[in-house]
Amino acid sequence: MSRRSLILALCLVAAVSHAEERPPIVNPNIDMKGYLGVASDAAKHRESRRLTEAEFIKMSREPGTVILDARSRERFDELHIKGALHLSFPDIAVESLERLLPNKNARILIYCNNNFEGAEGPFPRKLMTASLNLSTYIALYDYGYRNVYELGPQIDIGKTQLEFEGTALKHLHPGR
């Protein structure tokens, strides 16, 4: 064994033994194993709750249905589905949900940036695995909301039948 290989091997052994000696860092308010379990359960639940554009529109018009937009306030103000309520994802917590959505049985429709193309300003694209629909659905599921539905397809903002409101609307559709 060369001197360099011996040094690398000793460094590796030292790193492994150091990692084994380090006690785990515990935080009773963070539970990765529990989160992954909830995410798995939510994923199964979500399979039958993805909607076409027409289904989303139809459900959105029914009494008691809430459209929830969890994007940032800035993006929401630029453009959002008409009538949507805003609760930024980082602000989803026990108190904010109790205030905005006190009825856990209410029908909630969600959408995110990745549902729309042709309006990258208000709807900047995210990685597929980091789509806000996924984290929002999991969070709502974890807080006990089971009547949640998600807009499924990617829709061209210029061809959609959905109605929007916000400051960017005049730039997207100057004639409207």
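Taking CZ of Arg49 as the start and CG of Asn147 as the end, the distance is 5.5 Å to the nearest 0.5 Å. Between the CG atom of Leu127 and the CG atom of Leu134 there is a distance of 11.5 Å, given to the nearest 0.5 Å. Considering CG of Asn113 and CD of Gln154, their distance stands at 11.0 Å, rounded to 0.5 Å. Considering CD1 of Ile110 and CD1 of Ile67, their distance stands at 12.0 Å, rounded to 0.5 Å. To the nearest 0.5 Å, the span separating CZ on Arg125 from SG on Cys112 amounts to 11.5 Å. Taken from CD in Glu78 to CZ in Arg71, the straight-line distance is 8.0 Å, to the nearest 0.5 Å.
In this structure, Arg146 satisfies the cation-pi test against Tyr141, with its NZ or CZ atom closer than 6.0 Å to the six-membered ring centre and inside 45 degrees of the ring normal.
Hydrophobic clustering (side-chain heavy atoms under 4.5 Å, transitive across Ile, Leu, Val, Met, Phe, Trp, Tyr) groups Leu85 together with Phe89. Both Leu162 and Met59 sit in one connected hydrophobic cluster of ILVMFWY residues. Membership requires side-chain heavy atoms under 4.5 Å apart, directly or through other members. With hydrophobic clusters built from ILVMFWY side chains whose heavy atoms lie under 4.5 angstrom apart, Val94 does not share a cluster with Val38. Linking ILVMFWY residues whenever their side-chain heavy atoms come closer than 4.5 Å, directly or via other members, leaves Leu109 and Val66 in distinct clusters. Using a 4.5 Å cut-off between side-chain heavy atoms of Ile, Leu, Val, Met, Phe, Trp and Tyr, with links allowed through other members, Leu68 and Leu132 fall into the same hydrophobic cluster.
Between the side chain of His80 and the backbone N or O of Phe76, at least one donor-acceptor pair lies under 3.5 Å. Asn114 places a side-chain N or O within donor-acceptor distance of the main-chain N or O of Lys126, the cut-off being under 3.5 Å. Counting only distance, with no hydrogens or angles, the side chain of Tyr145 and the backbone of Leu101 share a donor-acceptor pair below 3.5 Å. Between the side chain of Glu150 and the backbone N or O of Val148 there is no donor-acceptor pair closer than 3.5 Å. Distance alone, capped at 3.5 Å, is enough to place a donor-acceptor pair between the Glu53 side chain and the Gln161 backbone. In terms of modelled atom types and a separation under 3.5 Å, the side chain of Thr136 and the main chain of Ala70 share no donor-acceptor contact. Side chain of Ser40 to main chain of Leu36: no donor-acceptor pair is present (N/O by atom type, distance under 3.5 Å, no hydrogens or angles).
The existence of a salt bridge linking Lys58 and Glu62 is confirmed by a sub-4.0 Å separation between a basic side-chain nitrogen and an acidic carboxylate oxygen. We find that Lys82 and Glu165 are not joined by a salt bridge, their nearest charged nitrogen and carboxylate oxygen being 4.0 Å or further apart.
When side chains are defined from C-beta on, Asp142 does not count as touching Tyr35, because their heavy atoms never get closer than 4.5 Å.
Between the side chains of Asn115 and Asn133, at least one donor-acceptor pair of N or O atoms lies under 3.5 Å.
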Check against side-chain contact (heavy atoms from CB on, under 4.5 Å), Leu140 and Leu97: CA-CA 9 Å; Leu140 291 172; Leu97 286 169; 3.9 Å; yes

side-chain contact (heavy atoms from CB on, under 4.5 Å) evaluation trace for Glu55 with Tyr149: CA-CA 10 Å; Glu55 291 168 328; Tyr149 293 84; over 6 Å; no

Working for side-chain contact (heavy atoms from CB on, under 4.5 Å), residues Tyr143 and Ile92: CA-CA 9 Å; Tyr143 281 99; Ile92 292 176; 3.9 Å; yes

Stepwise side chain to side chain donor-acceptor pair (under 3.5 Å) test for Arg73 and Ser88: CA-CA 7 Å; Arg73 169 56 74 179; Ser88 183; over 6 Å; no

Derivation of the side-chain contact (heavy atoms from CB on, under 4.5 Å) call for Ile155 and Lys159: CA-CA 8 Å; Ile155 300 169; Lys159 297 178 182 174; over 6 Å; no

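Pairing each heavy atom of Gly118 with each of Ile157, the nearest pair is O-CG2, 3.3 Å. The shortest heavy-atom contact between Ser60 and Thr65 is CA-CG2, 4.0 Å. Nearest approach of Leu79 to Pro122, heavy atoms of both residues: CB-CB, 3.6 Å.
By the 30° and 60° cut-offs, the orientation of the rings of Phe164 relative to Phe116 is perpendicular. Ring geometry for Phe56 versus Tyr111: interplanar angle over 60°, hence perpendicular rather than tilted (30 to 60°).
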